[in-house]
Amino acid sequence: MGGFAGIFPNAVVQPSYTYLSRQFKQETGQRFVEYLNQQRVNKAKSLLIRRDMTMKEIIEQSGFRSYTYFFKIFKESEGLTPSEFMAKN
């Protein structure tokens with residue numbers, strides 16, 4: 001056995017954040033944070049359509065930690081504010 005595994009046979013090698021980020025973008029065409037935010041926006045849209053939760057609950061259930069960040073990402077993604085989205089659906 002040669003290399004790192006030969007020196008430390010029980011070592012767990014974890015890929016770096018940078019490596020994982022590059023691989024993710026190469027596979028999906030998106031950065032991980034873009035993918036995650038899109039999933040969160042999709043969740044928020046499904047909750048907005050139901051109309052049985054407060055905006056605060058929707059933001060929390062969607063995985064966003066900040067009201068301001070949620071509105072920014074939602075508007076960038078959908079071209080509408082959450083309220084405008086609700087009015088159209």
Can you tell me if [X] has over 12 outside heavy atoms packed within less than 6.0 Å of its [atom1]?
X	atom1	value
Q14	CD	no
R65	CZ	no
K43	NZ	no

Practice task
Group every Ile, Leu, Val, Met, Phe, Trp and Tyr by side-chain heavy-atom contacts under 4.5 Å, then state whether L36 and Y67 land in the same group.
Solution key: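 L36 and Y67: separate clusters.
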Exercise for the section: Report yes or no: do Y35 and V41 belong to one cluster of Ile/Leu/Val/Met/Phe/Trp/Tyr joined by side chain heavy-atom distances under 4.5 Å? Expected result: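 No, Y35 and V41 fall in different hydrophobic clusters.
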Practice task
Using a strict cut-off of less than 4.0 Å between a Lys/Arg side-chain nitrogen and an Asp/Glu carboxylate oxygen, indicate whether K88 and E84 qualify as a salt bridge.
Solution key: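 Looking at E84 together with K88, the answer is no, because their closest N to O distance does not fall below 4.0 Å.
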Problem - Presence of salt bridge, E78 and K45, under 4.0 angstrom - result: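 Looking at E78 together with K45, the answer is yes, because their closest N to O distance falls below 4.0 Å.
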Pairwise side-chain contact, [X] with [Y], heavy-atom cut-off 4.5 Å (strictly under):
X	Y	value
V33	F24	no
I58	F64	no
E76	I73	yes
N37	F32	no
M55	F71	yes
Q30	K25	no
L48	N89	no

Exercise for the section: Take K56 and I59 through the side-chain contact (heavy atoms from CB on, under 4.5 Å) test and state the conclusion after the steps. Expected result: CA-CA 5 Å; K56 183 177 190 263; I59 291 167; 5.8 Å; no
Handout entry: CD on E57 to OG on S62, rounded to 0.5 Å
Key =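 Answer for the OG-CD pair, S62 versus E57, is 11.0 Å.
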Practice task
To the nearest 0.5 Å, tell me how far S21 OG sits from Q26 CD.
Solution key: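 If we round to the nearest 0.5 Å, S21:OG and Q26:CD are 12.5 Å apart.
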Handout entry: Considering all heavy atoms, the nearest F74-L80 contact
Key =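 It is CD2-O, 3.2 Å.
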